[in-house]
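Following: one structure in C-alpha cells, then a few remarks.
Side chains included, hydrogens not; waters and symmetry mates left out as well; all remaining heavy atoms used. FYI, the numbering just counts along the sequence from 1. These figures come from a predicted structure and were not determined experimentally.
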Amino acid sequence: HGTLECSLRNPSPRQATICGTKGVIEVQFPFWCPTKFTVQGMTGLGSQTWTEKKVYEFPLPDITGEYNFVNSEGLAYEAAEANRCLRAGLTESPLFDSEECLAVMQVIADIRSRWEK
C-alpha cells in the first residue's frame with residue numbers, strides 16, 4: 001500500500017518519498033529526473049532500527065543549451081543507450097527490456113484502475 005500525490009495545478013515540493021518494508025527512498029527535486037536520492041534501511045520490531053542514510057549522486061552531463069524542463073540534459077543518458085542499441089542492431093535495451101517496461105506499465109495501469117473506481 002502507498003500514497004501518491006501528484007498535481008500540475010498546485011504547488012508541491014516535487015520530490016518523492018518511497019516507503020517500503022525494508023526502508024525508505026527519498027528522491028530529491030525534480031523526482032522525474034533526479035541527480036540524487038537517499039536510501040535508509042529499517043529493521044526490527046515496528047521498524048524502529050534505522051541504518052545510516054546512504055546518498056547516491058548522479059551528476060548531469062555537461063551539455064549546454066536551452067531546455068523546456070529542469071534537468072532535461074539528463075535525458076542524454078537515455079539517448080546514448082538508444083544510439084548504442086541501434087548501432088548494435090538491438091531492438092531493445094538489455095538495461096530496460098520490454099518485459100521490464102511491461103511490468104512498469106502494469107503498475108501504472110493498476111494505480112489508474114484504482115482511481116476509476
Heavy atoms of other groups near Phe96 CZ, more than 12 under 6.0 Å: yes
Asn83 atom CG, over 12 foreign heavy atoms within 6.0 Å
yes
Validation row: [X], [Y] side chains within 4.5 angstrom (heavy atoms):
X      : Y      : result
Arg84  : Glu81  : yes
Thr38  : Ile25  : no
Val104 : Ile108 : yes

- [ ] Measure up the Phe29 and Trp32 rings against each other and bin them: parallel (under 30°), tilted (30 to 60°), perpendicular (over 60°).
- [x] perpendicular
When you look at Val107 and Ile111, which way does the side chain to side chain contact (heavy atoms under 4.5 Å, CB included) test go after all the steps? CA-CA 6 Å; Val107 168; Ile111 292 169; 4.1 Å; yes
d(Cys85 SG, Leu90 CG) to nearest 0.5 Å is 5.0 Å
CD of Glu66 to OG of Ser72, rounded to nearest 0.5 Å, is 12.0 Å
| Mind checking whether Val70 and Val27 sit in one hydrophobic cluster, side chains of I, L, V, M, F, W, Y counted as touching below 4.5 Å? | yes
**Prompt:** Is Leu60 linked to Leu75 within one hydrophobic cluster, defined over Ile, Leu, Val, Met, Phe, Trp and Tyr using a side-chain heavy-atom separation of less than 4.5 Å?
**Reply:** no
Do side-chain atoms of [X] reach the backbone of [Y] as a donor and acceptor pair under 3.5 angstrom?
X     : Y      : value
Glu57 : Lys36  : no
Asp97 : Glu100 : yes
Glu92 : Ser98  : yes

**Asked** Strictly by modelled atom types, are Thr17 and Glu26 linked by a side-chain donor-acceptor pair under 3.5 Å?
**Response** no
Non-hydrogen atoms of [X] and [Y] that approach each other most closely:
X     : Y     : value
Gln28 : Gln15 : C-CB, 4.2 Å
Phe31 : Pro34 : O-CD, 3.3 Å
Val24 : Cys19 : CG2-SG, 4.2 Å
Ala76 : Pro61 : CB-CG, 4.0 Å

query = Could you walk me through whether Phe37 and Phe58 pass the ring-ring contact (aromatic ring centres under 6.0 Å, His included) check?
reply = CA-CA 9 Å; Phe37 68 91; Phe58 306 92; 5.8 Å; yes
inquiry  = As a quick check of understanding, evaluate side chain to side chain contact (heavy atoms under 4.5 Å, CB included) for Gln40 and Thr51, giving each step before the final call.
reply    = CA-CA 6 Å; Gln40 186 173 27; Thr51 65; 4.1 Å; yes
